[in-house]
Amino acid sequence: MADPVTGAGSTEGGRKATSAFSFMHRTDLVLTLLIFIVCGALYYITTDFEEVSLLLSQNIGPEWFPRLLIWFIVVLSVALPFEHLMRKQQAASIDKDRSDRIKPISFMTAALLACIVASIPLFGTLIAMLLGCVLLPLLWGERRLKILIPFIILFPTAVAILFTQVLKVFFEPGLWGPTIG
Amino acid sequence: MPIDAMIQGFLLIADPYNVFLIFCGVLIGVMVGALPGLSSPMAVALLLPFTVGLEPVQAISMLAALYCAGTFGGSITAILINAPGAPPAVATAFDGYPMAKRGEAGRALGMAAVSSVTGGIFSLIVFLIATPLLAKLALQFRPPEYFALAVFALSMLAAISGKSSIRNLIAGAIGVLIGTAGIHLTTGVERFTFGIPELSDGIHFVPVLIGLFAMGELLSQSQALNVTLERISSIVIKLPSREDFHKVKWTVLRSCGLGTFIGILPAEGSTIAAIMGYNEAKRFSKEPEKFGTGTIEGIAGPEAANNAAAGGAMVPTLALGIPGSGTTAVILAAFIMHGLRPGPHMMNETPHFIYAIFFAMLLANFAFFAIGLGGAKLFSRITLIPRTLLWPSVFVFSMIGAYSFSSSVFDVWVMLTAGFIGFLMNRHGFGPAPLVMGLILGKLVEESLSQSMIMFDNNWLHFFESPIVVMFFVLTFLGLFWSVITRAVGRCVSRARPDVTLERGD
């Protein structure tokens, strides 16, 4: 029976798989490939940095340090798919943390948070804050109006007063939002 | 010891407004510490934007007070509901909760408070002595030494904290890489700005810190909405008896030393210190079999160690500008935000500032002792706040905090992106603390490396001419490969043993 996460121990027609891939942790292999892609893209960007004279850069160009880091990350990432062979306990702990799929509520929460932030230029910071106080508890299943309504009224008001009156932060009014502060 | 600077530092803190701010920091710290899921680094990161309008000494004192109190606050919920409010209180729950179940919650809380204060004060005495000495030593440091020190700090964090040193190192390097975005100081070339004008100044670390610590956790919490916590209803607060003190005095003293030492090492101090404090308490105990069933030593050990580590972690932060833990990394960010760079020069030029922080932390220790004991009942009720309201509040604070830093919606997007990335990274074993450490140390690493390479005319070998650099490199190597070395040695020894028996048999 193959390990669902590592893929180790899988059999093919009753034969134990002995390819190089069977020693690799599948999730970490994907992770490594992802890191390679990102690092490759970043490395490519460094080739596009403006060129400066050697005299100005004193032999240490602007691309030198980022490239060094990118190589460092790439080299370390190579070890990721094999890490579970070296540190079994730690690898098991990491696998346990990621064994469950990310729940739909997390995706919905992330999408809602992005929508709220995207609404700031339209409705302003105050309305965005109110939206956060109303929509997030509702999304997370809070239906007790007795505690929800005071929260929606009191919390954003207190935060708005604190930031605009005490800390003198100017709240972005947005296209259609109110101007305060 | 410069008495004038000490008096000046004391007078700075004695200002009633500053005392009020320190009490606020303590109150927030204990509350945040008591709330499972909310941690000290997160609270310090969330509080950063609030401190923009404050004087640097007020801001740092408040954050340092929060740090001390947050470490203790975690023990309240660890003891009362078996849910450590903060990672450093994990070990406290092992014996605290069984004691609470036996109806000895008050005794356990009292011991946690007394041990925490003892640990805190002990480490502050060490702080008072060690910071000027370390700063004096660091005055001899040139760019190569600073580079080696920063690398050592990053490697220590990678080696000790979290689940995987490789992942921690990668996270640290990613943090340093993020820090390279913006205009390159030497040449004026824009790097990784992607044509976005807001990125020309680089990525501000405050929104990143808030995102990584607060938003990442918010998304994790969204997956655990149905988890309910068990609660001890009756709490009678009483201080530990003389017998209890007699029983734990050596445990506390040992943990104080151990915790302070671990705190001074540039790594994730408090959690490691608490676990080691617990293990050592068990190892030296006359009744080790009672550990885990509710023994007072099982509380004294980790609590003294984790608070001692909090004070210890401030030593490298202030003397060298190298954070001693995840939370002190955020405190270092606060220094930078206020236009200060801790290090040996600060100790020379503005020593009263360092002493002011010392007095602030000392006051914080006494304050959390009083607040923690007096309000333990109340603080345990904080956990009654529904998660469905608590985390939206955290989101609002994060959003407004990130926005208010430079009144820019772009920073809110940075915060949110950092949160999403932090959530995914955390899921795959990449902790936020190494990334933050990398981000904050990034500039120091790049500048010191570039300056060293210019000094050495691009010849790496010159690094090895400095004994301090060599020492840090050796420590870095040992830190990273210690477990591999010990395992290899162990294997060699176990292979050699049968031969020895055979020889004896022969």
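Just the heavy atoms: all of them, side chains too, but no hydrogens, waters or symmetry mates, feed the values below. Residue numbering restarts at 1 for every chain, and letters A, B, ... go by the order of the sequence lines.
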Just wondering, do L69(A) and E446(B) contact through their side chains at under 4.5 Å, heavy atoms?
-> no
For the residue pair F163(A) and F50(B), categorise the inter-ring angle as parallel (less than 30°), tilted (30 to 60°) or perpendicular (more than 60°).
-> tilted
Give, as side chain, backbone, both or neither, the part of V52(A) having an atom under 4.5 angstrom from any heavy atom of chain B.
-> side chain
Any idea which of I102(A), I105(A), T109(A), L42(A) has the most non-hydrogen atom pairs under 4.5 angstrom with chain B?
-> I102(A)
Heavy-atom distance under 4.5 Å to chain A: side chain of M415(B), backbone, both or neither?
-> neither
Got a second to check how far F395(B)'s CZ is from I116(A)'s CD1, nearest 0.5 Å?
-> 4.5 Å
Tell me, for I174(B) versus chain A, whether the close heavy atoms (under 4.5 Å) come from the side chain, the backbone, both or neither.
-> both
So, does R191(B) use its side chain to make a donor-acceptor pair with the main chain of P62(A) at under 3.5 Å?
-> yes
Taking every heavy-atom pair that is under 4.5 Å apart, which of V159(A), V117(A), I60(A) has the most such pairs with chain B?
-> V117(A)
Select, from D457(B), L416(B), L389(B), T186(B), the one with the greatest count of heavy-atom pairs under 4.5 Å involving chain A.
-> L389(B)
Please confirm whether the backbone N or O of K103(A) pairs with a side-chain atom of Q223(B), one donor and one acceptor, at under 3.5 Å?
-> yes
What part of F423(B) lies closer than 4.5 angstrom to a heavy atom of chain A: side chain, backbone, both or neither?
-> side chain
Bottom line for L218(B): the part with an atom under 4.5 Å from chain A's heavy atoms is both
Note, F430(B) side chain near L31(A) side chain (heavy atom, < 4.5 Å) = yes
Are any of the side-chain nitrogens in R427(B) or D100(A) under 4.0 Å away from the carboxylate oxygens of its partner?
-> no
Under 4.5 Å from any heavy atom of chain B - which part of E83(A) | side chain
Chain B heavy atoms under 4.5 Å from S53(A): which part of the residue, side chain, backbone, both or neither?
-> neither
Quick one: pull up CZ in F170(A) and OH in Y403(B) and give me the separation to the nearest 0.5 Å.
-> 6.0 Å
Name the region of T180(B), side chain, backbone, both or neither, that has any atom closer than 4.5 Å to a heavy atom of chain A.
-> side chain
With a 4.5 Å heavy-atom cut-off, do F72(A) and V176(B) have their side chains touching?
-> no
Considering only heavy atoms, which portion of F194(B) lies under 4.5 Å from any heavy atom of chain A: side chain, backbone, both, or neither?
-> side chain
Side chain, backbone, both or neither: which part of L139(A) has a heavy atom under 4.5 Å from chain B?
-> neither
Approximate separation, where rounding is to 0.5 Å, of L169(B) CG and I73(A) CD1 | 10.5 Å
Is any side-chain heavy atom of F171(A) less than 4.5 Å from a side-chain heavy atom of I400(B)?
-> yes
Can you check whether F155(A) and F397(B) have ring centres sitting under 6.0 Å from each other?
-> yes
Within a strict 4.5 Å, meaning less than it, do heavy atoms of the T388(B) and L138(A) side chains meet?
-> no
Close side-chain approach of L177(B) and F65(A), heavy atoms under 4.5 Å | no
Is the closest side-chain heavy-atom distance between E63(A) and T187(B) below 4.5 Å?
-> no
So, the part of I45(A) with a heavy atom under 4.5 Å from chain B: the answer is side chain
Choice from L162(A), L80(A), L135(A), D48(A) maximising heavy atom contacts with chain B below 4.5 Å = L80(A)
Would you mind checking which part of R101(A) comes under 4.5 Å of any heavy atom in chain B, side chain (CB onward), backbone (N, CA, C, O), both or neither?
-> backbone
Segment of I120(A) engaging chain B (4.5 angstrom heavy-atom cut-off) = side chain
Locate the shortest heavy-atom distance separating L219(B) from A110(A); write the atom from each residue and the value.
-> CD2-N, 4.0 Å
So do the side chains of W391(B) and L136(A) get within less than 4.5 Å of each other, counting heavy atoms only?
-> no
Heavy-atom proximity to chain B below 4.5 Å, by part of I147(A) | both
